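Here is the structure we will look at.
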Amino acid sequence: MHCHESSVMRAPRLTSGLLLSALLPALISGCMGAMPVPLNGLNRQLEQAGGHRSPAMGERWLAVIEQRGGREQVQLIDLQQQQPVPLPGLNRADALPISVSVDARGERLALVRQLEGRSEVVVYRRSLQSLQPIAMGPGAIATAIGLRADGRQLAVQVSRDGLWQIDLVALP
Amino acid sequence: MLSTAATVGLAGCNGDSMDLGLFNRRQAPPAALGSAQQRRDPALSGDGRLLASIVEASGRSRVLLQEQPGGRVLPLRHLRGHLPHRSPALSWNGRYLAVLLQQGHQTMAAIEDRLTGRLLRLPPPPGARVEQLSLAPDGQTLALQLVQGGQQRVQLFDLSTLLEPDRAAGLRSSNALP
């Protein structure tokens, strides 16, 4: 690689997460010379709302698994409105979300979750508030998922006979 | 090259699960002839033409970029080293490939522009460890999952001053890849 060395190793140790966010552009370097800009308003909201994992980006959407009060649930955030939108029928108290993905328009979400000791794949259509399970076949344990940005295909990481594989599933 | 449309088996028809039919499901094409490698972290380009995944070989994890559905492996200029790789993501037309890579003792996000051959590296904030990334389909926003102070959190970054948009056909504002 022909990049300049990062300045991050010489940066002073900071303690505040928000301060880190604000200063991150000065700590980042790359081959292109300019710096990415942290979205401080949204980052502050996310930090105040608790822990989050498994981010998935649409064009103006962020799907995440939110950790709050000992529970985890899928959340879809409208990045323009800077607030979550309701997902009626998607989250269940007895299910543990594992991996989530969203299409570009924020219309379809794909989710791997653990329910009654088994992993299952579901596709949620927001305009219809419908939830459709996707059968992965016998012996396949799904653990991660990627939804194509146009919402027409799933890429699912599955464990089958001790081997990690990727299944591609076309969606109607 | 092996057949690229090896079907996984009969589509599910148990209970209320969606009946996807035999030809709506297949395994990702193999990375090499006759190989049965561990594959994980799949990511599709928005147009469906490309699949990025992490392949484990000889105990090393590296990102693999393949055309769909043929499986032809596409070269990556900057991402041959700095192993292990994980958590790849692709933009709409596959112009940008983002991935986590190892540089020294540090894991950082990097984005290869396949059109210009340039690389953007994004070290995490001090004291934070980056675990996962997601790139918006147009390449204008990056989400990082960080661990800091024992807590997992997600932070967003605007890349619009760094990367041209890579939009769906008809909305494209950057040059098309061959």
Side-chain angles (χ1 to χ4, degrees), chain A residues 1 3 6 8 11-14 17 20-21 23-24 27-32 34-39 42-43 46-47 51-59 62 64 67 79 104 123 132-138 140 144 146 148-150 152-153 155-157 163-170, chain B residues 8-18 20 24-28 36 38-48 51 53 78 92 118-123 125-128 131-138 141-145 148-149 151-159 161-162 168:
Chain A
M1 291 188 209
C3 300
S6 165
V8 70
R13 178 170 289 276
L14 302 173
L20 287 176
S21 298
L23 294 179
L24 189 58
L27 302 172
I28 289 177
S29 66
C31 291
M32 296 181 180
M35 306 296 175
V37 179
L39 299 175
L42 279 161
N43 291 341
L46 285 166
E47 187 155 328
H52 295 85
R53 63 177 179 86
S54 195
M57 296 290 310
E59 296 275 348
L62 171 69
V64 286
Q67 306 156 317
L79 300 181
V123 172
Q132 183 63 60
I134 306 292
M136 294 308 298
R148 210 166 89 185
D150 66 1
R152 294 178 182 171
Q153 191 177 32
V156 188
Q157 174 184 307
L163 190 66
W164 291 107
Q165 299 173 323
I166 294 169
D167 284 5
L168 300 172
V169 182
Chain B
V8 173
L10 289 172
C13 52
N14 55 330
D16 297 326
S17 296
M18 184 180 288
L20 292 164
N24 286 332
R25 183 196 304 265
R26 61 187 172 87
Q27 277 184 18
Q38 301 277 0
R39 302 280 298 275
R40 55 186 172 80
D41 293 0
L44 291 158
S45 61
D47 61 6
L51 169 70
S53 64
H78 294 285
W92 259 110
R118 300 168 80 187
L119 184 77
L120 174 68
R121 290 188 293 178
L122 307 166
E131 292 201 323
Q132 191 173 332
L133 66 73
S134 179
L135 182 68
D138 61 4
T141 312
L142 180 74
L144 295 180
Q145 177 184 315
Q148 191 165 30
Q151 187 179 40
Q152 286 177 316
R153 60 194 179 97
V154 169
Q155 287 209 329
L156 300 173
F157 298 91
D158 178 9
L159 302 178
T161 60
L162 304 175

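If you're wondering where the values come from, they're calculated on a predicted model, not measured in any experiment. Every chain is numbered from 1 and lettered A, B, ... according to where its sequence line falls, protein lines coming before strand lines.
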Query raised in the report: Within a strict 4.5 Å, meaning less than it, do heavy atoms of the B:Asp47 and A:Asp150 side chains meet?
Result: no

Query raised in the report: Quick one: are B:Leu122 and A:Pro36 in side-chain contact, heavy atoms under 4.5 Å?
Result: yes

Query raised in the report: Can any side-chain N or O of B:Gln152 pair as donor or acceptor with the backbone N or O of A:Gly51 at less than 3.5 Å?
Result: no

Report summary line: chain A shares the most heavy-atom pairs under 4.5 Å, among B:Thr141, B:Leu51, B:Leu159, B:Leu133, with B:Thr141

Query raised in the report: What part of B:Leu156 lies closer than 4.5 angstrom to a heavy atom of chain A: side chain, backbone, both or neither?
Result: both

Query raised in the report: chain B: which of A:Gly146, A:Pro55, A:Ala56, A:Ser54 shares the most heavy-atom pairs with it under 4.5 Å?
Result: A:Pro55

Query raised in the report: What pair of heavy atoms forms the shortest contact from B:Leu44 to A:Leu168, and how long is it?
Result: CD2-CD2, 4.2 Å

Query raised in the report: Can you tell which of A:Gln153, A:Met57, A:Gln67, A:Arg53 has the highest number of heavy-atom pairs within less than 4.5 Å of chain B?
Result: A:Met57

Report task. Against chain B, work out which of A:Leu42, A:Leu79, A:Leu62 has the most heavy-atom pairs shorter than 4.5 Å and name it. Result -> A:Leu62

Report task. Check for a donor-acceptor pair, side chain of B:Gln38 on one end and backbone N or O of A:Trp164 on the other, with a separation under 3.5 Å. Result -> yes

Report summary line: In terms of heavy-atom contacts, A:Ala104 and B:Trp92 come closest through CB-CZ2, 4.0 Å

Query raised in the report: Is it true that a side-chain atom of A:Gln157 and a backbone atom of B:Arg40 form a donor plus acceptor pair closer than 3.5 Å?
Result: no

Report summary line: Note: A:Glu59 and B:Pro137 closest approach over all heavy atoms is OE2-CB, 3.5 Å

Report summary line: Scored by heavy-atom pairs under 4.5 Å with chain A, the best of B:Leu135, B:Leu142, B:Asp138 is B:Asp138

